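Quick caveat: nothing in here was measured; it's all calculated off a predicted structure.
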Amino acid sequence: MFDLHGKTVLVTGGSRGIGEAIVRAVAAQGAKVLLHYGRSRAPAEAIRGAIGWKSCELVQADLAYSDAPAQLWGEATSVAPRIDVLVNNAGIFEAAPIDVPIDAWQRSWTRVMQVNLTAPAELCRLAVAHFRKHGGGRIINVASRAAHRGDAPDHWSYAASKGALVALTKTIARGYAHENILAFALAPGFTDTEMAHAGMGEADLKRIISEIPLGSMASPEECGALVAFLCSDKVRHMTGATFDINGASYVR
């Protein structure tokens with residue numbers, strides 16, 4: 001067993017899917033949670049009500065905007081002067097076929113990179129500076145199976161952003177372990193969330209599941225449980241590792 005009492009965890013994109021599962025899992029182990037949401041406050045308030053108002057604070061920022069990471073970090077540290085763990089979970093999955101007009105392709109690429117890579121990187125930068133003042137901390141970046149095996153032809157930007165996020169995580173782990181700043185990455189495959197089901201028909205769903213040897217998508221709760229464990233003090237020497245959660249659909 002492990003205990004997260006006394007720790008404060010900032011989770012981006014915490015109002016649905018994997019992010020919601022992470023928020024619930026770390027709160028269940030006693031952590032105080034700073035739940036970041038982008039645009040819709042109602043789901044975030046519902047989660048806060050379910051896990052307890054004293055255990056959760058809400059922070060808002062639209063990470064598609066370049067000034068949002070600094071705004072988010074400033075709001076988070078005003079609520080909780082010490083943050084122990086940053087979980088970069090927020091991300092978008094946006095198609096950009098190569099035959100669309102170049103300006104549309106570039107806009108989509110820029111948007112995906114901003115939300116999936118640049119914003120997390122800026123939050124990592126702020127977190128490392130914060131952790132150095134407080135004796136250490138942890139960063140957990142939610143990447144994707146696509147970081148290792150690539151993605152569909154219409155999703156170059158998604159795969160590229162997640163591959164870079166894994167490389168960023170490894171670099172932070174190597175560079176700051178001596179200051180007790182640890183970094184981990186998750187690489188989920190298809191996970192049973194609203195984002196995974198968006199735009200998919202029954203035939204698509206059957207095809208995807210048929211490619212997973214375990215015979216089902218991962219659950220958000222599996223991801224949440226692993227993140228909660230990584231927030232603990234039990235796995236310090238795993239810093240720099242990437243954890244695959246894909247039912248053996250891609251084995252490295």
Can you label the angle between the H130 ring and the H134 ring as parallel, tilted or perpendicular, going by 30° and 60°? tilted
Determine the interplanar angle of the H155 and F93 rings, folded into 0 to 90°, and report it as parallel if under 30°, tilted if 30 to 60°, perpendicular if over 60°. parallel
Would you say that more than 12 heavy atoms from the other residues, nucleotides or ligands in this model lie under 6.0 Å from the [atom1] of [X], or not?
X    : atom1 : value
I102 : CD1   : yes
R82  : CZ    : yes
R252 : CZ    : yes
W73  : CH2   : yes

Tell me if a side-chain donor or acceptor on [X] pairs with a main-chain N or O of [Y] at a distance below 3.5 Å.
X    : Y    : result
N116 : I92  : yes
E20  : G14  : no
T191 : G189 : yes
E222 : S219 : yes
E221 : A21  : no
N89  : T12  : yes
R138 : S232 : yes
K162 : V142 : yes
H36  : G13  : yes
T239 : A183 : yes

Write down the atom of T242, the atom of A187, and the distance for their closest heavy-atom approach. CG2-CB, 3.8 Å
Which atoms form the tightest heavy-atom contact between C231 and V26, and what is the distance? SG-CG1, 4.1 Å
Worked verdict on C223 versus L186 for side chain to side chain contact (heavy atoms under 4.5 Å, CB included): CA-CA 8 Å; C223 299; L186 268 64; 4.3 Å; yes
Between D233 and K7, does a salt bridge (charged side-chain N to carboxylate O under 4.0 Å, His left out) hold up when you go through it step by step? CA-CA 11 Å; D233 297 321; K7 291 186 181 294; 3.6 Å; yes
Nearest-0.5 Å distance, [atom1] of residue [X] to [atom2] of residue [Y]:
X    : Y    : atom1 : atom2 : result
M217 : I245 : CE    : CD1   : 14.5 Å
S78  : E57  : OG    : CD    : 9.5 Å
L168 : I139 : CG    : CD1   : 7.5 Å
N141 : C124 : CG    : SG    : 4.5 Å
K32  : H5   : NZ    : NE2   : 13.5 Å

Could you give me the CA-CA distance, side-chain angles and deciding distance for V235 and F229, then say whether side chain to side chain contact (heavy atoms under 4.5 Å, CB included) is met? CA-CA 8 Å; V235 288; F229 186 50; 3.4 Å; yes
Would you sort out whether D62 and Q71 count as a side chain to side chain contact (heavy atoms under 4.5 Å, CB included), showing the intermediate values? CA-CA 10 Å; D62 187 342; Q71 172 198 326; over 6 Å; no
Stepwise, does the side chain to side chain contact (heavy atoms under 4.5 Å, CB included) test hold for V227 with V9? CA-CA 11 Å; V227 169; V9 182; over 6 Å; no
